[in-house]
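Below: the structure, in structure tokens.
When reading the values below, keep in mind they use all heavy atoms of this one structure, side chains included, and skip hydrogens, waters and symmetry mates. Proteins come first, then strands; the chains are lettered A, B, ... in the order of their sequence lines, and each starts at number 1.
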There are 2 protein chains.
Amino acid sequence: MTTDKSIKDVAKVAGVSISTVSRVLNDSQGVREELKQKVLDAVQNLNYHSNTIARALKGMPMKTLGLLIPSIENPFFPSMVRGVQDEAHRNGYTVFLCNTDGSGIVEETQFKLLLDKKVDGVILVASKYTTKYLKESVNFPVVMIDRYVDSPNLSYVTVDHAIGVKLALDHLYSLGHRNIAFLGSKLVSSGAKERFQSYKRYLYDSKIEFDESLLVFGDYTYESGIKMTEELLRRKVKFDAIFCGNDLIAFGVIELLKRNGINIPKDVSIVGYDDISFSSYHTPKLTTVHQPTYEVGQMSTKIMLDMISGVDRRIKHIKIEPSLVVRETTRRIGSGNR
Amino acid sequence: MTTDKSIKDVAKVAGVSISTVSRVLNDSQGVREELKQKVLDAVQNLNYHSNTIARALKGMPMKTLGLLIPSIENPFFPSMVRGVQDEAHRNGYTVFLCNTDGSGIVEETQFKLLLDKKVDGVILVASKYTTKYLKESVNFPVVMIDRYVDSPNLSYVTVDHAIGVKLALDHLYSLGHRNIAFLGSKLVSSGAKERFQSYKRYLYDSKIEFDESLLVFGDYTYESGIKMTEELLRRKVKFDAIFCGNDLIAFGVIELLKRNGINIPKDVSIVGYDDISFSSYHTPKLTTVHQPTYEVGQMSTKIMLDMISGVDRRIKHIKIEPSLVVRETTRRIGSGNR
DNA sequence: GACCTCTTTGCAAACGTTTTCAAAATTATA
DNA sequence: TATAATTTTGAAAACGTTTGCAAAGAGGTC
């Protein structure tokens, strides 16, 4: 592999014109079997690889996707990223990964950079700022993932949090819990908002009185989980279970409860949300709502690829169903030791 | 942003030739201040972005890097990836992330795909197979990361495991531990090998008798941690501390020890390796050797960028120093309750 | 003012493809 | 067998840049 071969070299070796070579490499239409074989042989012998750059200049796809997420260091995202990458690679696509840290400015900068590099489409976990900007560049393939904005002409694939929350609360309810605290956020993202709404809805439907003092809001972090629990304890309100907005919060909750001599799940049941890998390594193992993040990534990429190839250009709004994973942090109320 | 502007449009608006435009956009050498300003104004007005593809076709850099890792789902890698991305973006570079699952075949395929897409260089966490292949494509900028192969003409940046292991064992030793089991691997990677060698070396230097039955080998996973601990227990050998090849193993160890009524750190001290984010969320919080993975990623990218720009083409072999993070899984031997 | 030098500019040829169009070869039709 | 219809082929023009080369301008020097 000293120096790159071009289509010209192949043409010379095969004894045909470059147009013919190009044709067998692409359409493969209207070229005699004999010549076709010659070309294919030449390609083989020379170990020719077509130059993606030159093809792109003629408007051919670069077979490249952009993926914008807040941060790969957030344990929620790796499996989602893996989902898009696996699906992309299966189709010969490569993916640019960019971290935005949730900043709209960074997001826009990165987006433009990707556009400059002629990606065929971009999949992104939207921040609030995104919305406005994307509405203008809507002639370009974009699919939202995990979170969505209320733009009807943008595809998205996310998780059905109404179902997720119901799964968690049904579980808690069936265990006899009625005083269920909510520790999370209602601002962070569309998903966070939905989870809070679903919590209220569930209480209403189950005829459980809605108690403001069982609500604590904060970030989706371990540290915030600790702080929110401190706040909850300070209020001296009675609670026998806690629904956490995500797993990281749940870990914080468990840590602080433990420090205060409160046993889990004997005294309080905890359910998390996300099912990040660490949830099953934690002690006690966390009962949580599993978000099918890998599938979300995979599905969004399928949709993207269909948009690009023109197979299916329709706007799609997909919600994938989460599931409940019961582990060790939930237990029937008042079931004592053991 | 309906249709892309080209250098031609800029030339027309500025009333100069396209060569002049190109010149002010690149060298900026030998063009009158007056015209230069005109061109710059035209660029501004038209919101012109230079076409990276066309530039690349003329041999200009794509400002794109490839990053090959086993899997982004392995919690060891996200911060390393973040390190290279941050440094890359700071210099206007974008990075393709690819997962190889440690397979040499996949690795080679991905590598070639990246080459086809004309990346300016690739940073990779090598598998064994890589070595052979890379030795041939050595005219292309490559830097190894985390692990290395013994090819003298390939740069790498990794962590100094001799120091890391010494840090961990010194700590255990100072706490009075003398029967220190080793649960890890000696095959997985250069790092794993080094850790095992350093363990043996430490024992020798400290005049602690080397006991084969204190050694268990397996994978770098939680499940393997469980299995290895079962094996250790089965042997009925006396141990008061365990050094784990990575944090995931340590979590498995802790889980299984707990199941067997063994208290940590009261009965046994555990030290992990890596310091992945979960280590501080775990209960008990894990004492572990912190690998500066972010810095490793960042440093490797700096080296790569220097290679590409030609500022510094020398082969570099860099080892970054790890540090010990003492948390809750280690305690002075026999110090009883509380 | 003529000549020389140095700077600034533009033309045109690449880079490796795809694709239009017309020419050539083949096959079908009368 | 001649002609029309069809298929297969190649020449050449694009795609948006960079850059070598020569022409044009500007500024000195004698």
Can you tell me the distance, in whole Å, between the CD atom of Glu34(B) and the C1' atom of dT7(C)? 15 Å
Contact state string [nucleotides 14-19 of chain C, B base, S sugar-phosphate only, - no protein heavy atom under 4.0 Å]: BBBBBB
Would you tell me whether Thr20(B) and Ser17(B) have side-chain atoms, one donor and one acceptor, within less than 3.5 Å of each other? yes
Salt bridge between Asp4(A) and Lys118(B), side-chain N to carboxylate O under 4.0 Å? yes
Parallel, tilted or perpendicular, as decided by the 30° and 60° cut-offs, for the rings of Tyr156(B) and His317(B): parallel
Rounded to whole angstroms, how far apart are CD1 on Ile53(A) and C1' on dT18(D)? 15 Å
Measuring from Leu305(A):CG to Met307(A):CE, what's the distance to the nearest 0.5 Å? 11.0 Å
Contacts satisfying salt bridge (charged side-chain N to carboxylate O under 4.0 Å, His left out) that involve residues 79-94 of chain A (not counting sequence neighbours) are Arg82(A)-Asp86(A), Arg82(A)-Asp101(B), Glu87(A)-Arg90(A)
Checking all strands, does Leu35(A) fall into the base, sugar-phosphate, or nothing category for heavy-atom contacts under 4.0 angstrom? sugar-phosphate
Separation of dT26(C) C1' from Arg32(A) CZ (nearest whole Å): 9 Å
For Lys38(A) and dT9(D), give me the distance from atom NZ to atom C1', rounded to whole Å. 13 Å
Would Thr94(A) and Lys117(B) count as having a side-chain donor-acceptor pair, cut-off 3.5 Å? yes
